[in-house]
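Protein chains get the first letters and strands the later ones, always in sequence-line order, with residue 1 at the start of each.
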There are 2 protein chains.
Amino acid sequence: MLISTKGRYALRVLVDMAEHSGQGYITLRDIAGRQDISEKYLESIVKELVRHELVTGLRGKGGGYRLSKAPEDIGVGDVLRFMEGGLAPVACLEEGHKVCPRASVCRTLTFWRGLDEAIRQYTDGYTIADLMRTEDGNDYII
Amino acid sequence: MLISTKGRYALRVLVDMAEHSGQGYITLRDIAGRQDISEKYLESIVKELVRHELVTGLRGKGGGYRLSKAPEDIGVGDVLRFMEGGLAPVACLEEGHKVCPRASVCRTLTFWRGLDEAIRQYTDGYTIADLMRTEDGNDYII
DNA sequence: CCTATTTCCCAGTATAATAGTATGTTGATA
DNA sequence: TATCAACATACTATTATACTGGGAAATAGG
């Protein structure tokens, strides 16, 4: 599946924060309400975003979270790699994976490398600012 | 991870069969030996390939498997979709997934559609024949 | 100082998928 | 008819996912 709820939710949270910046710190309760995601589960996601310095938290009354950078400086590829722990399409291309002893005779390795690169190129071509610009009303019929 | 061992092994099996065609039917034992994959596990993978009419099996002495089509007529994208049950990068784009009620306001849907398309374009651009042409000796040092 | 608020921290849990293994049955060939 | 190899069914260990729960620490307003 490549992308789990962690990565999907993280992007939605970041876009939500970007759209509601200017209102100071934004609480998880507000985001959870708007995005229809469990507040408790969001905690674990935002924790990662804090750890990678994409958002900043403030405790107490009037506290919440806000983006640490401008939306155009937050790359979607980076967010997804942080949340998913890498975006490699196959195990043997994961960082830290032991080098496959078959690599020198592997007929498929070049193909996987290309797929990895295609995913990287695409995801690195987007920032949170780009996601914000996505028009309402996709062509889904609901 | 997008691609599990099922998809990875399936491609290796198909390339192996393509490279050893002309020798009639090829046994799972031979493929398992060459590819260093458990023969028993390969059974479950080849079963899927038979079901989708990519390979043909013959029982008994002198039996085994062989490709049902020419290598250049077997698309890598199709193989992976068969084995993985789809290649969608996110759950909401999977076939048969219930339409997301947030689709019309979703800031990320367009992005996911594009990623899905990029993966489709790339994987559909390869056939088993292309994988065979991949030169020995990738630039890995082993 | 007190209290409400909100992040922060740690721990547990149900479900499902992955990557197999084990034990047989059926059918083709020599 | 013996052998070989595909075909079929069922089971299992491990891991990841997607959460839930209980509390501790910090901040602001009264």
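- Here B:R81 pairs with B:D124 in a salt bridge; the nearest charged N to carboxylate O distance falls below 4.0 Å.
- Proximity note for A:Y9 (side chain, C-beta onward) versus C:dT18, D:dA6, D:dC19: the nearest is D:dC19.
- Counting non-hydrogen atoms under 4.0 angstrom, B:G64 reaches the backbone sugars and phosphates but no base.
- Both B:R59 and B:K6 lie near DNA chain C, and the one whose nearest nucleotide falls closer to the 5' end is B:K6.
- Residue A:K61 has its side chain nearest to D:dA28 when only C:dA30, D:dA28, D:dC7 are considered.
- For the pair B:I45 CD1 and C:dA19 P, the interatomic distance rounds to 9 Å; values are reported in whole Å.
- Closest to the B:R29 side chain, of the nucleotides D:dA5, D:dT3, C:dT7, is D:dA5.
- Distance, A:M1 CE to D:dT15 C1': 17 Å, rounded to whole Å.
- Note on B:E19 versus A:R107: salt bridge recorded, some NZ/NE/NH1/NH2 to OD/OE distance being below 4.0 Å.
- Of the candidate nucleotides D:dC19, D:dA26, C:dT5, D:dC19 has the atom nearest to the side chain of A:Y41.
- With C:dT26, D:dA18, C:dT29 as the choices, the nucleotide that has an atom nearest any side-chain atom of B:L58 turns out to be C:dT29.
- Taking 4.0 angstrom as the limit, B:S4 places none of its side-chain polar atoms (N or O) nearer than this to OP1 or OP2 of C:dA17.
- Annotation: of the two residues near DNA chain D, A:G62 and A:S44, the 5′-most nearest-nucleotide partner is A:S44.
- Within 4.0 Å of A:Y65, counting heavy atoms only, lie sugar-phosphate atoms of the nucleic acid but no base atom.
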task: Go through the steps to decide whether A:Y9 and A:S4 satisfy the test side chain to side chain donor-acceptor pair (under 3.5 Å), and finish with yes or no.
output: CA-CA 9 Å; A:Y9 289 178; A:S4 67; over 6 Å; no
- request: Verify side-chain contact (heavy atoms from CB on, under 4.5 Å) between A:I26 and A:R34, making sure each step is shown before the conclusion.
  value: CA-CA 12 Å; A:I26 306 155; A:R34 281 192 294 261; 3.5 Å; yes
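- Comparing atom distances between the B:T27 side chain and each of C:dT26, D:dA5, C:dT5 picks out D:dA5 as nearest.
- Rounded to whole angstrom, the span from the CD atom of A:E84 across to the C1' atom of D:dA18 amounts to 12 Å.
- Summarising the geometry, the separation between CZ on B:R66 and P on C:dA28 is reported as 14 Å, rounded to the nearest angstrom.
- For the residue pair A:T5 and A:Y41, a side-chain donor N or O sits within less than 3.5 Å of a side-chain acceptor on the partner.
- Closest to the B:T5 side chain, of the nucleotides C:dG27, C:dA19, D:dT17, is C:dA19.
- Rounding to whole angstrom units, CD of residue A:E39 and C1' of D:dA18 are separated by 17 Å.
- Within 4.0 Å (heavy atoms only), A:K47 reaches no atom of the nucleic acid at all.
- Using a 30° and 60° split on the angle between ring planes, A:F111 and B:Y126 fall in the perpendicular class, above 60°.
- Atom pair A:E43:CD and C:dT6:P shows a separation of 13 Å (rounding to whole Å applied).
- Between the CD atom of A:E48 and the P atom of C:dT7 there is a distance of 17 Å, given to the nearest Å.
- The separation between B:L28 atom CG and C:dT21 atom P is 14 Å, rounded to whole Å.
- For A:K40 against D:dG22, a side-chain-to-base donor-acceptor contact under 3.5 Å is present.
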